[in-house]
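Remarks on the structure that follows.
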Amino acid sequence: MKTSWADSVENSVVGPDKNVLPRPSRSTYVPPHLRNRPPSSEPPVTSNSSLPANDRVNAGGPAVGSRWGSSAKPDIGRQGYGQGYGYSGRTGGGRNNRNGGWDHGMERQVNPFADDEATEDAFNEQENSGINFDAYEDIPVETNGENVPPPVNTFAEIDLGEELNQNIRRCKYVKPTPVQRYAIPISIAGRDLMACAQTGSGKTAAFCFPIISGIQKELQYIQRPRVARTAFPLALILSPTRELSCQIHDEAKKFSYQTGVKVVVAYGGAQISQQLRELERGVDILVATPGRLVDLLERARVSLQMIRYLALDEADRMLDMGFEPQIRKIVEQMDMPPPGIRQTMLFSATFPREIQRLAADFLSNYVFLAVGRVGSSTDLIVQRVEYVLESDKRSHLMDLLHAQRENGLYDKQGLTLVFVETKKGADALEHWLCINGFPATSIHGDRTQQERELALRSFKSGNTPILVATDVAARGLDIPRVAHVVNFDLPNDIDDYVHRIGRTGRAGKMGLATAFFNDNNLSLAKPLAELMQESNQEVPAWLTRYAAKASFGGGGGRNRKAGGARFGGRDFRREGSFTKGTEYYGGAAGAGAGYGVPASYATAYGSGVTSAWD
DNA sequence: AAAAAAG
């Protein structure tokens, strides 16, 4: 690697002006041997792992050819979705519009790849190698459901359409990731899907490709009702945070470039007027956060009656206590077509069983898919836990940051993401880091949307290579080059921990995750120790002792969420207690009639091999 | 108890 991207941006980051990484003043620095130590022997703070900084996600290499002529598989289980609107020609529309350009708007689309191409030269071949596909070998995969469509090995095996294939090439995706290999054929076949797969493994594309492809193929036949100032999207993608919705929107725009499929994003904290204007210009795929969407629905500026595809990203979060009522309102109490008419896809890295049960309401004869994390479990993330008293956390963090700089992680522009539990705590820690000379910023729900987006940009660019965050940044955000995730405050839920550390070690790259554990985190001891064990991490002896204590002390154990979801999970329909009998398969009675074969459960691995999934 | 998501 002669000229890495990191090198190429280094000047701008450690540049001549204010952004020189200042040496923190030593006045507040307490050397380790002068600090309070817990009675139990915690490992010394060694930042020995010289982990590579994350590279770009995109992969370079030969382009994939597209194969035309094969038509999509029959749309099993769907009753067509004309919904009373006849098929009719669409003016100037659709897939044969080789000139690209939106067929329902006069504006020209900005080339979303322009930036990439402009910076292309900054990447040499190695740096540009993108997704580390070796890390994807031997990943345990579990599928469950009736007549699960088989996986593919290349994008060319699926008829996604010429324009989408070209965009896939532009994104330099050489071959599908495991979740894409399985999820795309399932979606193309028209099946509902509940998928567990870590975000860094290509989940967004896994639900975007079938949606874009499906819409593009039918766009010219779809007649939407004409209601002034009401938009009728064909697909809805919901996510739990504004930044994640933005990210999905950006991705979806790349994938749909010159397909004639229009993507619009709507989220709170931003001017609604511009979003309304965008919607009026026409929308095929709406990406949104729940609150703003409810607002738009109540104003009747959006109708869901033409929704053909519904995707919930971070679906378990979307269905947890805070979000469930809003999601039910959107999905069940407005004008969205019911399961079986629309196609529904739920994605998350974690899927607790009770959430799966709730989610089943939204699905019809669905396929359950669990794909191991890149490198199966988290071999690519080195997890460390250190016992740190509350009063020692700040100086301990400073130790880590110092060590990191000495190991060159800063010089390579490795980013450090520090999670805290509260918004107040985020402000306080950001301030403390700044006055101690560390270039930090913060993101949390009490900051304005403008501040949030600025903070994220500044972090991503390496301008402020330390970001203090609440759980607003825990899920889904794809920030290349995050070399280190610090759980300054551990979350109470092991699933949140899984999502947080998943901000590093993405796209097959290595990452480091450090957690500060103390007596406030007792309830996490057992699940954390188990998780680390399962992902082949070294579990400190003191943590094992805490874990053992937690199991009889009460208070432990419950955190497992009923046998829960680790890196993936298990279809709750297989868990034996079918309190609702065969109801979950009931949708198949009519819909699956075309399938003259009995249900078969395709399982890629025997139960002995999938222990990580239990 | 906290965080997120509408204004």
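Naming convention: chains lettered A, B, ... in sequence-line order (proteins, then strands); numbering from 1 in each chain.
- Nearest heavy-atom pair, A:Leu279 versus A:Ala231, reported as atom, atom and distance to 0.1 Å: O-CB, 3.8 Å.
- No donor-acceptor distance shorter than 3.5 angstrom exists from the side chain of A:Arg292 to the backbone of A:Arg242, with no hydrogens or angles considered.
- Checked against B:dA4, B:dA6, B:dA5, the side chain of A:Glu243 finds its nearest nucleotide in B:dA5.
- Residue A:Thr470 has its side chain nearest to B:dA4 when only B:dA6, B:dA5, B:dA4 are considered.
- Note: CG (A:Asp316) to P (B:dA4) measures 17 Å, nearest angstrom.
- Between the A:Gln180 side chain and the A:Ala205 main chain, no donor and acceptor come within less than 3.5 Å of each other.
- Among the heavy atoms of the strands lying under 4.0 Å from A:Arg242 are primed sugar atoms or P, OP1, OP2 only; no base atom is included.
- The listed nucleotides are B:dA4, B:dA5, B:dA6; the one nearest the side chain of A:Asp295 is B:dA6.
- OP1 or OP2 of B:dA5 lies within a sub-4.0 Å distance of a side-chain N or O belonging to A:Arg452.
- Between the A:Arg503 side chain and the A:His499 main chain, a donor and an acceptor come within less than 3.5 Å of each other.
- Residue-level contact check: A:Gly268 touches the backbone only, with heavy atoms under 4.0 Å from sugar-phosphate atoms and none from bases.
- Taking atom NE2 of A:His444 as the reference point, atom C1' of B:dA5 lies 16 Å away to the nearest angstrom.
- The CZ atom of A:Phe488 sits 18 Å away from the P atom of B:dA2 (whole-angstrom rounding).
- Going from atom CG of A:Leu296 over to atom C1' of B:dG7 covers 13 Å, rounded to whole Å.
- In this structure a side-chain-to-backbone donor-acceptor pair under 3.5 Å is present from A:Gln356 to A:Phe572.
- Residue A:Thr289 places at least one side-chain N or O under 4.0 Å from the OP1 or OP2 atom of B:dA6.
- Going from atom CG of A:Leu490 over to atom P of B:dA2 covers 18 Å, rounded to whole Å.
- Checking B:dA6, B:dA2, B:dA4 against every side-chain atom of A:Glu298, the shortest atom distance belongs to B:dA6.
- Between A:Lys424 and the phosphate of B:dA2, there is no side-chain N or O to OP1/OP2 separation shorter than 4.0 Å.
- Computed from coordinates, the A:Leu293 CG to B:dG7 C1' distance equals 16 Å when rounded to whole Å.
- The base of B:dA1 lies close enough to the side chain of A:Asn492 for a donor and an acceptor atom to sit less than 3.5 Å apart.
- Distance A:Asp495 CG to B:dA2 P: 21 Å, rounded to the nearest Å.
- Residue A:Arg447 contributes atom CZ, which lies 17 Å from atom C1' of B:dA4 at whole-angstrom precision.
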